[in-house]
Structure formats: C-alpha cells, structure tokens
2 protein chains.
Amino acid sequence: MKTKLPNQKQIEHLKDICNKAGIKLTHQRLAIFRELMISHDHPSAEIIHKRLEKSLPTLAIDTVYRTLSTFNELGIVKKLHLKNERTLFDANPDQHHHFICTRCKAVKDLYWEDFDKSTLPESIHNIGHIQFRHLELHGLCNRCLKESNL
Amino acid sequence: MKTKLPNQKQIEHLKDICNKAGIKLTHQRLAIFRELMISHDHPSAEIIHKRLEKSLPTLAIDTVYRTLSTFNELGIVKKLHLKNERTLFDANPDQHHHFICTRCKAVKDLYWEDFDKSTLPESIHNIGHIQFRHLELHGLCNRCLKESNL
DNA sequence: AATTAAATAGTAATTATTCTTGTTGACTTT
DNA sequence: AAAGTCAACAAGAATAATTACTATTTAATT
C-alpha cells in the first residue's frame, strides 16, 4: 500500500517540485526530505532535527520548521494535527464530527450516522482496539466560498 | 440533533457529576459550564475567559484552563485539537488515515478504501465544500493492550 | 568568477498553556 | 456560631513549541 519509490526517483521528484515552485533545493531541504522518506513514524520537527544532528550539526531547528512548512505547502508532507491554533472545546455530547474551514478556521458540527454505524476494516485488528472515531472534513465553508467568488 | 436540555436540568446534571466525582461545584465552574452550554462555536479557553470577563472580572485564565481540563476528564467537554503536543508530520502520499494510541500516543497509518469511496451526507451542502477528509481512530494499540493485561 | 536574491544559523521573541505559592472560601466539627 | 480543614482559586512566573529578526551564507545566474 505504501509506495516505496527507489531513493533516486524520490529525489528527482523533489527536484521537479522545487523547480516548478521556483525554490532552491538546498542541502538542508534535501537532508530533511531524505529523513522524511526513511521515517515511517510521523516524526515531529524536533525529532527530525535530532536525527540530522550528526550529519548536519549546524542545522537550526528554525530551518526544520520552515522547511516542513514549505513541504506542507508543496504537498510533500501533511501536518497531522493542525496545532497552530488554540485548543478548542466542544460541549456537544452527541456523537458527531467536524467540518473545519481551511480559510476562516470555523468549526461546525456535522452528523453522519451511516458512517458511525459502518464497520471498521479488518486490518484494525493488526493495530489495536478502537475506542472512538473522530472524523474531520476540511474544506471551504459556504461563507468563504461566497467571498472567494466575488 | 443537538439535544438542548432546559438550563436547570443541565445544571442539575453538572451537580450530579461533581458530587459523584467528589469535587466542588464552585462559582467559577458553574459560570464556565453555563458559558459552554450557550456557546455553539467550539470556543477556546481564552474566548471563554473573555466572555466571562464582565460577570467574573477576577477569573484567572489559569482557572479556565484547569476547569476545562477537569470537564474534559469528566466527559463534559472534549478537547478538539491539543496544542500541547508537538505537530507531527506525515510523508506518506497515499490516501490513508490514522490510528492514535490513547496511551503511548503512537500514530499508525491505516487504509480504508470503502470509507474513502463512501459518499458524504447531503447535509454537508449546508456547511461547505469538502476538500479532504481525515479520520482519526483512537484506542489502545496492541502493544499497550498486552501491557495492560499483564 | 562575480552577482544577486533566496535561504540559513543563531539568537531573541512570542504565545498557549501549566506550574508555584500564598490566599480564599465553602464545609465540617466542635 | 467560631475555629479548623482542605479543595479551589488568583496572580504572576515558568515552560515549551513555534516563529521572527538579522546578519551571513549559498545556490543559481550572468
């Protein structure tokens, strides 16, 4: 399932992306990209920084954050839970999910009972025992849609 | 869908919960609870603090955080995204979802194509236009399951 | 090789959240 | 009702993740 391209191909791909985006492929970016490609454990910026300590002792943590943000914008990585914002609290006790507007960050409750009732894939048993599921739908809310069409 | 109990009943419910948990129902806790009950916009601790500024000018932001954490443990509210932990990055380009262990916080990829193909409920048209979906399954991973059974 | 603009390192700043400490105030016991 | 007790609080300090600032370096271009 997880496509594992040969290393050189991945790097060519990165070069392509950087060229198209008009940004430079620096040592630091390449090193962070390589580290991401061999890491299968969803590392944090700090962990990536630590892992590159030996090969790039002068690498600044700031650069790791900036590069990961750049990669995020280029679609190379995804931030797992978007923590730029404050923790939000939800007092709705009913089973529900969330729509999050990528533009204005508004959060709206939504209900999807068919999904709540659906059975999980068999492969779950290889991973663990589920206590609850939380779905986030990301997109543009109707208000922001209108505004962007003006 | 969203059950809206009459106010007095909700407060009785809170009293019950506090009694059972052996904690006091203080002015501050009651005020924060009331604010949560009339807020339908997933407020942050800071916003709740601001909204209570007039009625409780001496309320400390720290108390809001502490109370919300207490409420979280009591199941009265849920934290939406936890600012506390580090942002994690995912370089797997394939459509996938995540299992998150509630105990060791490990994150594992999982694939669920049936869900990816399923059509969203009609009601999302009232909310906005979806760009992507992200599912989080929370539970105990097999390793933590074993350890807790020792 | 020189130029130029983007990217980096190092350090400082910012910001959400939590901790520390002394105080308050709601119960309990007398 | 007065004194005692302990959870909960306010205030300000501390922490930790992330971002901003600035002088320097580096990659791409001429």
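As the structure is a computational prediction, the values presented were derived from the model and not from experiment. Throughout, protein chains are lettered first and strands after them, A, B, ... in sequence-line order, and every chain is numbered starting at 1.
Rounded to whole Å, atom P of D/dA10 lies 8 Å from atom CG of B/Leu56. Residue B/Glu46 contributes atom CD, which lies 8 Å from atom P of C/dT17 at whole-angstrom precision. As rounded to whole Å, 15 Å separates atom C1' of C/dA9 from atom CG of A/Leu52. Rounded to whole Å, the distance from CG on B/Leu68 to P on C/dT18 is 10 Å. Computed from coordinates, the B/Tyr65 OH to D/dA13 C1' distance equals 16 Å when rounded to whole Å. When the P atom of C/dA5 is taken as reference, atom CG of A/Leu25 falls 21 Å away, rounded to whole Å. Across the protein-nucleic acid pair, A/Ile47 atom CD1 and D/dT18 atom P stand 11 Å apart, rounded to whole Å. The distance between atom CD1 of A/Ile61 and atom C1' of D/dA20, rounded to the nearest whole Å, is 15 Å.
When each of A/Asn126, A/Ile124, A/Leu120 is paired with B/Leu110, the side chain to side chain contact (heavy atoms under 4.5 Å, CB included) condition holds for A/Ile124 and for no other.
Not one side-chain nitrogen or oxygen of A/His27 sits closer than 4.0 Å to the OP1 or OP2 atom of D/dT26. At C/dT8, one or more side-chain N or O atoms of A/Thr26 fall inside 4.0 Å of OP1 or OP2 (strictly under the cut-off). Here B/Gln28 reaches the OP1 or OP2 of D/dA10: one of its side-chain N or O atoms lies under 4.0 Å away. The side chain of B/Arg66 contributes an N or O atom lying less than 4.0 Å from OP1 or OP2 of D/dC9.
Between the base of C/dC19 and the side chain of B/Asp62 there is a donor-acceptor pair shorter than 3.5 Å.
Scanning all heavy atoms of the two residues, the minimum distance from A/Cys141 to A/Cys104 falls at SG-SG, 3.9 Å.
Relative to the ring axis of B/Phe132, A/Lys78 places its NZ or CZ within 45° and under 6.0 Å from the centre. For the pair B/Arg133 and A/Phe115, the cation-pi test (distance below 6.0 Å, angle within 45°) is failed.
Residue contacts shown for B/Leu59 are limited to sugar-phosphate atoms, with no base heavy atom under 4.0 Å away. Among the atoms of the strands shown, only primed sugar atoms or phosphate atoms (P, OP1, OP2) are found under 4.0 Å from some heavy atom of B/Arg29. Among the atoms of the strands shown, only primed sugar atoms or phosphate atoms (P, OP1, OP2) are found under 4.0 Å from some heavy atom of B/Ile23.
In summary, B/Lys108 and B/Asp90 do not engage in a salt bridge, as defined by a charged side-chain N under 4.0 Å from a carboxylate O.
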